[in-house]
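Remember, predicted model here, so these are calculated numbers, not experimental data. Every heavy atom of this structure was used, including side-chain atoms; hydrogens, water molecules and symmetry mates were not.
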Amino acid sequence: MTIKILFFGDVVGKPGRMGLIKALPGLKKKYAPDLVIANAENLAHGVGMSKKTLDELVEAGVDAFTGGGHSWQNSQGTPLLDDPAWRERLVVPMNAGEAQNGRAWTMLEVKQKRILLVSIQGCLFTHPATQDPFAALDKIIEQQKGSKPNIIIVDFHAEATAEKEAFGHYADGRVAAVLGTHTHVATADLKILPGGTAYVTDVGRTGAYDSVMGFEKTSAINSFLHQKDRKYTLSNQGAMEINAVSLTLDPETGLTKNLDRIREIIDI
């Protein structure tokens, strides 16, 4: 028996949501996933999430969500992080500080197997400042030994590529997958590490194709030209790109048997 998972990188605003909703039926037919997960830290207007935006993707067939630093920057979304109706399917970085609400892990059951979904944030160049992600991984694995998860999936939400690669090798053989998010740009380094852990530095965004990280390109260019912290606006025109990975996992070993990159450009 194997378990198949579809994991989507950062879904950016309404364009990303509409792209995912349009693409998901075809991807489900092709890959036959048992579980669909998406990073939701940019789901509502590009910052955080809301009940409406989460409901849209649940209705479309997404089962669980991971977060990142922006998860606490949307006033509509922060109450959901402690809402019993969402705590079973929505996780945020466990090492973002004790002052942050929400929880960093959830246990999902698929084919009578236990899947531990974990969110951890990197420390380099990320906000808010985070605690040691390597120690956070050790802590969660130790804490969950008694729960006996068959599979552990980690969304490693980080900026620095070296930190991501180092974290992947540190986790190798102890988790099924380390899936990088946050930079919104898909990397071509998908691999199964020597110990059996699936790894990618960044899954990539689900959002506008002709854009800067899913945001309108002129607003992003101007922020660099004028060296000011200007607000990015969403790009709502043109094609959307869908970036995801498909994982085939062995629940007996807790490791990955197959890893596929998914990238589609679609019109909505």
Side-chain angles (χ1 to χ4, degrees), residues 3 5-14 16-17 20-21 24 33-110 114-122 126-128 130 133 136-137 139-140 143-144 147 149 151-158 175-182 184 203 205-207 244-245 247:
I3 291 175
I5 294 178
L6 272 182
F7 183 97
F8 291 86
D10 303 65
V11 182
V12 185
K14 185 176 181 179
R17 300 195 312 270
L20 191 155
I21 289 168
L24 190 52
D34 301 297
L35 185 67
V36 179
I37 304 168
N39 184 288
E41 79 145 355
N42 299 110
L43 206 57
H45 309 294
V47 181
M49 68 279 294
S50 66
K51 185 177 185 303
K52 175 181 177 294
T53 56
L54 289 168
D55 281 339
E56 284 181 359
L57 295 195
V58 170
E59 185 176 347
V62 179
D63 301 297
F65 301 91
T66 56
H70 292 310
S71 302
W72 297 281
Q73 295 175 357
N74 188 316
S75 60
Q76 296 181 59
T78 48
L80 302 177
L81 302 180
D82 290 323
D83 185 334
W86 287 101
R87 280 173 64 86
E88 298 304 313
R89 66 166 84 211
L90 174 60
V91 297
V92 289
M94 65 175 296
N95 57 326
E98 294 180 2
Q100 306 291 5
N101 65 320
R103 72 171 181 173
W105 63 271
T106 188
M107 194 74 74
L108 306 165
E109 187 168 314
V110 175
R114 296 166 66 79
I115 299 176
L116 180 66
L117 176 63
V118 181
S119 176
I120 297 177
Q121 186 160 295
T126 54
H127 302 281
T130 56
L137 177 67
K139 181 178 179 180
I140 194 70
Q143 285 180 340
Q144 295 301 317
S147 301
I151 288 168
I152 303 174
I153 303 291
V154 180
D155 176 340
F156 189 46
H157 198 76
V175 306
V178 172
L179 306 174
T181 59
H182 180 61
H184 296 207
V203 176
R205 69 178 173 269
T206 292
V245 294
L247 300 157

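- With sequence neighbours excluded, the residues that form a side chain to side chain contact (heavy atoms under 4.5 Å, CB included) with Asp34 are Ile3, Lys4, Val110, Lys111.
- Leu57 places a side-chain heavy atom less than 4.5 Å from the side chain of Ile21.
- How far CG of Leu43 is from NZ of Lys14: 12.5 Å, rounded to the nearest 0.5 Å.
- In this structure, Leu24 and Leu6 have side chains that are in contact, with non-hydrogen atoms separated by less than 4.5 Å.
- A pairwise comparison of heavy atoms in Phe156 and Val178 identifies CB-CG1, 3.9 Å as the closest pair.
- Atoms CG and CG, on Asn42 and Asp10 in that order, are 5.0 Å from each other to the nearest 0.5 Å.
- The two residues Val91 and Thr106 have their closest heavy-atom pair at CG1-N, 3.6 Å.
- For the salt bridge (charged side-chain N to carboxylate O under 4.0 Å, His left out) test, residues two or more places apart in sequence or in another chain that qualify with Arg103 are Glu88.
- Side-chain atoms of Asp63 come within 3.5 Å of backbone atoms of Val36 as a donor-acceptor pair (strictly under, hydrogens ignored).
- The two residues Trp105 and Leu116 make their nearest non-hydrogen contact at CE3-CD1, 3.7 Å.
- Looking only at side-chain heavy atoms (C-beta outward), Val62 and Phe8 stay at 4.5 Å or farther from each other.
- Minimum heavy-atom separation, Leu20 to Ala38: CD1-CB, 4.4 Å.
- Nearest heavy-atom pair, Gln144 versus Pro149, reported as atom, atom and distance to 0.1 Å: O-CD, 3.3 Å.
- Going from atom CG of Asp55 over to atom OG of Ser50 covers 8.0 Å, rounded to the nearest 0.5 Å.
- His157 places none of its side-chain heavy atoms less than 4.5 Å from the side chain of Thr66.
- Heavy atoms only, all atoms of each residue included: Ile120 and Pro133 are closest at CG2-CB, 3.6 Å.
- In this structure, OG1 in Thr53 is found 5.5 Å from CZ in Arg17, a value given to the nearest 0.5 Å.
- In this structure, His182 and Gln121 have side chains that are not in contact, with every pair of non-hydrogen atoms separated by 4.5 Å or more.
- A distance of 10.5 Å separates CG in Leu35 from CZ in Phe7, rounded to the nearest 0.5 Å.
- Between the CE atom of Met107 and the CD1 atom of Ile152 there is a distance of 8.0 Å, given to the nearest 0.5 Å.
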Evaluate Asp83 against Lys51 for side-chain contact (heavy atoms from CB on, under 4.5 Å), listing each step before the verdict. CA-CA 11 Å; Asp83 185 334; Lys51 185 177 185 303; over 6 Å; no
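- Inter-residue side-chain proximity for Arg89 and Leu54 is flagged as unmet; no heavy-atom pair is nearer than 4.5 Å.
- When the options Leu137, Val118, Ile153 are evaluated for a side chain to side chain contact (heavy atoms under 4.5 Å, CB included) with Val175, the one that passes is Leu137.
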